[in-house]
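The next block holds one structure in the form of structure tokens; read it before the comments.
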Protein chains: 2
Amino acid sequence: MQSLQEAAMRVIARKGMAAATMQEIAREAGVAKGTIYLYFRDRDELVEKTFETAITQLYERIDQAMQSQASFAMKLRAIITAKLEFFSTHREFFRLYLSLRMPEGSAQQQRRQKRTCQPQYRARIEQMADVLRRAMDSGEIRRADPFRLALFLIEGSTAVVVQRVSEDAPPPESEDVDLIVDTILEGISLHPQKRSAD
Amino acid sequence: MQSLQEAAMRVIARKGMAAATMQEIAREAGVAKGTIYLYFRDRDELVEKTFETAITQLYERIDQAMQSQASFAMKLRAIITAKLEFFSTHREFFRLYLSLRMPEGSAQQQRRQKRTCQPQYRARIEQMADVLRRAMDSGEIRRADPFRLALFLIEGSTAVVVQRVSEDAPPPESEDVDLIVDTILEGISLHPQKRSAD
DNA sequence: TGCTTCACTGACCGGCCGTTCAGCGTGCTG
DNA sequence: CAGCACGCTGAACGGCCGGTCAGTGAAGCA
């Protein structure tokens, strides 16, 4: 049920994955603990389904952002913008996202995670790597290992989102988007002799 | 005791933070569970001390790398190299490092983490931000929020380390160092009209 | 050899939390 | 109104795990 997933997300956002108990999720949703088990087999399924519902929304946003742009630079900007915007309207989801990116929890939980959440994350990196690969082929960016570049880019920007989520009044999204996109595209070096031509 | 910390690190590397039980850490160290409590007050103290011992080594390496270099570009390269080298000889430590960077676990554990592990991580970002700030003042790099840049850089390179640690035969460190340093300094854009002058 | 010390042991305890299920109320049906 | 279906409840259960402490045995000593 919708409201159970929302409750789960809120509790996880507040307490963290490990400390979010079924009891508290039930209380947050205004039902008894047993009720959750009418809709989800166990805790893992609740968490997994909650993750999937939310991450699918993020992916749709990003896919959309990607397809509607021509040049690599514009695609990159659109992707980063979509990500920052998504997480500023879905702050609740962010902590769950962070927890499920990497394998944690008991061995049993890890097996289930491997089936669903991890592949989702991996697929997203592969997708970004593809975008990079195509941009390399078309000569828009220089050649480098696209998978590692994608990792660097995605995790770097995730770190900025972590910071934004923890701030009471984060700067406008466009500012952080500029910081990320400019750094990736142009780097941070100043070349006095070359730059004087600008 | 040394060997208890090493055992803890190995078990956490194998099973993950949440699934690493005192029982298994004791078995790994070849002692009884109760023995651990002769040297550490509780599980949290064991984990915390283990983390501190290892992270201090990493910091020493990085401090050393930083001080022995003049230009920002060389400093950056030295820092990234130190990080990659450290984690390829201390793979065991990496999973613990990942787990304690960000707050997780029960509310009680989080309080303890906040006292020791989190500040360590935060301090490292501040340190990097300082290096960036000085490079901006000296005109070596362009101006941008140094703290966010530091976050981006550190987490981006951590992501590359995650990948390296999971690979059976990662490429030589220098290759990944080049990828990271070049991306940060010069970006990934190709500017056909400008580059033709190279 | 008998006594003391002390590092170490591991069975046990208590609490926590995911999971279950007998039972309850509500509303519909005949 | 009796009978039934059904969504929901929450006390109880069981397993797990961190933490404890009475006990063990080896080593040192007189």
With a cut-off of 3.5 Å and sequence neighbours excluded, list every side-chain donor-acceptor pair involving residues 61-68 of chain A.
from: Asp63(A); atom 1: OD1; to: Gln127(A); atom 2: NE2; distance (Å): 2.6
from: Ser68(A); atom 1: OG; to: Gln64(A); atom 2: O; distance (Å): 3.3
from: Ser68(A); atom 1: OG; to: Ala65(A); atom 2: O; distance (Å): 3.3

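Each end of the helix from dT1(C)-dA30(D) to dG30(C)-dC1(D) gets its own axis from five base pairs, and the two axes differ in direction by 30°, given to 10 degrees.
The main-chain N or O of Phe72(A) is found under 3.5 Å from a side-chain atom of Glu140(A) such that the two form a donor-acceptor pair.
For the residue pair Thr158(A) and Glu155(B), no side-chain donor N or O sits within less than 3.5 Å of a side-chain acceptor on the partner.
Contacts of Phe40(A) classified as ring-ring contact (aromatic ring centres under 6.0 Å, His included), with partners at least two apart in sequence or in another chain: none. Residues satisfying the side-chain contact (heavy atoms from CB on, under 4.5 Å) test with Ala73(A), not counting sequence neighbours, are Ser71(A), Leu185(A). Residues passing the side-chain contact (heavy atoms from CB on, under 4.5 Å) test with Thr53(A) are Gln5(A), Gln57(A), sequence neighbours excluded. Partners of Arg10(A) under the side-chain contact (heavy atoms from CB on, under 4.5 Å) rule, at least two apart in sequence or in another chain, are Glu6(A), Ala7(A), Glu28(A), Glu92(A). Residues meeting the salt bridge (charged side-chain N to carboxylate O under 4.0 Å, His left out) test with Asp130(A), sequence neighbours left out: Arg133(A).
Between the CE atom of Met17(B) and the P atom of dC17(D) there is a distance of 16 Å, rounded to whole Å. Across the protein-nucleic acid pair, Ile25(B) atom CD1 and dT9(C) atom P stand 15 Å apart, rounded to whole Å. When rounded to the nearest whole Å, the span between CZ of Arg43(B) and P of dT20(D) equals 15 Å. Between the P atom of dC8(C) and the CZ atom of Phe40(B) lies a distance of 12 Å, rounded to the nearest Å. Whole-Å rounding puts the Arg41(B) CZ to dG19(D) C1' distance at 13 Å. Separating the CD1 atom of Ile36(B) from the P atom of dC21(D) is a distance of 17 Å, rounded to the nearest angstrom. The interatomic distance linking Met22(A) (CE) with dT19(C) (P) rounds to 6 Å, in whole Å. Note: OH (Tyr37(B)) to P (dT9(C)) measures 14 Å, nearest angstrom.
Grouping Ile, Leu, Val, Met, Phe, Trp and Tyr by side-chain contacts under 4.5 Å, direct or through others, leaves Met74(A) on its own.
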List every contact pair, protein side and nucleotides 6-9 of chain D side both N or O, where the distance is under 3.5 Å.
from: dC8(D); atom 1: OP2; to: Tyr39(A); atom 2: OH; distance (Å): 2.4
from: dT9(D); atom 1: OP2; to: Ala32(A); atom 2: N; distance (Å): 2.8
from: dT9(D); atom 1: OP2; to: Thr35(A); atom 2: OG1; distance (Å): 2.3

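Among dG19(D), dC17(C), dT19(C), the nucleotide with an atom closest to any side-chain atom of Thr21(A) is dC17(C).
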